[in-house]
Number of protein chains: 2
Amino acid sequence: MELDETDRQILRILQEDARTPFSEVARRIDMSSATVHDRVSRMEEAGVIKGYHADIDAREVGYGVSAFVGLRTDQGREDEALAHLAGLPEVKEVHLTTGEWDVMVRVYAEDTDALRELMFDHIAGTEGFARSQTMVVLGTDYEADGLPI
Amino acid sequence: MELDETDRQILRILQEDARTPFSEVARRIDMSSATVHDRVSRMEEAGVIKGYHADIDAREVGYGVSAFVGLRTDQGREDEALAHLAGLPEVKEVHLTTGEWDVMVRVYAEDTDALRELMFDHIAGTEGFARSQTMVVLGTDYEADGLPI
DNA sequence: GGTGAAATCCTTCCCTT
DNA sequence: AAGGGAAGGATTTCACC
């Protein structure tokens, strides 16, 4: 889909605060809210806007630890291994990558004990993975609200 | 902040779709919208809800490539190195980690040429970093809307 | 893109439990 | 301390220009 500067302005605003009323978006970009509504609907349908999500503080809901997990897959068993990962509740993202790891996973756990159990019982010890490395997140120094548009 | 099951239900709904009208949230959890409003406000103030963000398809806005970048910092120059990273528009997240890398960065670039320029001119070649590894994301197999609450 | 209007929603205050 | 009712003003969502 072709996006013009007006579309991009709308995206910037909704990326920063997805609950901004369309009427206020309209005010800021100097258009009617009907136009904003129309453009947003088109971007939703085209898949430019994939959704709107509340950003929850992980600690406040009981997740004291998060980590990046690098994995090396066994040849020929990639699909089931990936499906297995996606089924684990603590797994938030699964990416295929080049470089040292075939798969990069973002996981959240209640505490280090829970992380240990997750890794040993449900990831590293699982068939389909040859090798793993857990990189525990000590802190997040910076996190943008979205992409520069 | 103490969260009860009602709070968690609200969080689940807003994590999945942050633009859900409070009136509908109220309907779903069988309470009044005044109550939903009140609880959401308290969770926002307490920092449980950090924000609401539209989820934009990176490709649709011109980011054809993303990558994880692992970095090893020089001793004693961590702070300026991290501040430098946070100032780059292509950098979306900067995490301090244990394991092979001191810093794990998530970057987005227009194409491989732009990624190359970002890495050589603005990250790997920068003072404060001793070593780096770029893990290009070939695909994202799974991405949850939020945390399991 | 914009207008206009009806339906819906947000927000606040106040009352009840 | 927590939830609900009510009412205003604002917003969303259409059809139509």
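First the proteins, then the strands, lettered A, B, ... as listed; each starts at 1.
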Check your understanding: When you check the gap from the basic side-chain N to the acidic O, do E5(A) and R8(A) get nearer than 4.0 Å?
Key -> yes

Check your understanding: OP1, OP2 of dT11(D) versus side-chain N and O of R27(A): anything below 4.0 Å?
Key -> yes

Point to revise | Short side-chain N/O contact to dT12(D) OP1/OP2 from H37(A), under 4.0 Å | key: no

Exercise for review: Sticking with atom P, work out how far dG4(D) lies from dG8(D), rounded to a whole angstrom.
Suggested key: 22 Å

Point to revise | Neighbour count >12 (heavy atoms, 6.0 Å) for atom CG, D111(A) | key: yes

Review point. R19(A) side chain to T20(B) main-chain N or O, any donor-acceptor pair under 3.5 Å?
Key: yes

Review point. F22(A) has an atom CZ; how far is it from atom C1' of dC10(C), in whole Å?
Key: 15 Å

Table of protein N/O atoms under 3.5 Å from nucleotides 1-5 of chain C N/O atoms:
{"from": "dG1(C)", "atom 1": "OP1", "to": "R39(A)", "atom 2": "NH2", "distance (Å)": "2.4"}
{"from": "dG1(C)", "atom 1": "OP2", "to": "R39(A)", "atom 2": "NE", "distance (Å)": "2.9"}
{"from": "dG1(C)", "atom 1": "OP2", "to": "R39(A)", "atom 2": "NH2", "distance (Å)": "2.2"}
{"from": "dG2(C)", "atom 1": "OP2", "to": "S32(A)", "atom 2": "N", "distance (Å)": "3.2"}
{"from": "dG2(C)", "atom 1": "OP2", "to": "S32(A)", "atom 2": "OG", "distance (Å)": "3.2"}
{"from": "dG2(C)", "atom 1": "OP2", "to": "T35(A)", "atom 2": "OG1", "distance (Å)": "2.4"}

Review point. Is it true that E24(B) and R28(B) make a salt bridge, defined as a side-chain N closer than 4.0 Å to a carboxylate O?
Key: yes

Review point. Do the side chain of Y63(B) and the main chain of P148(A) share a donor and acceptor less than 3.5 angstrom apart?
Key: yes

Point to revise | Cation over ring face, R106(B) and F68(B), 6.0 Å, 45° | key: yes

Point to revise | Span that lies between the P atom of dG9(D) and that of dG5(D), in whole angstrom | key: 22 Å

Check your understanding: Can you check the I10(A) CD1 to dT12(D) C1' distance for me, whole Å?
Key -> 15 Å

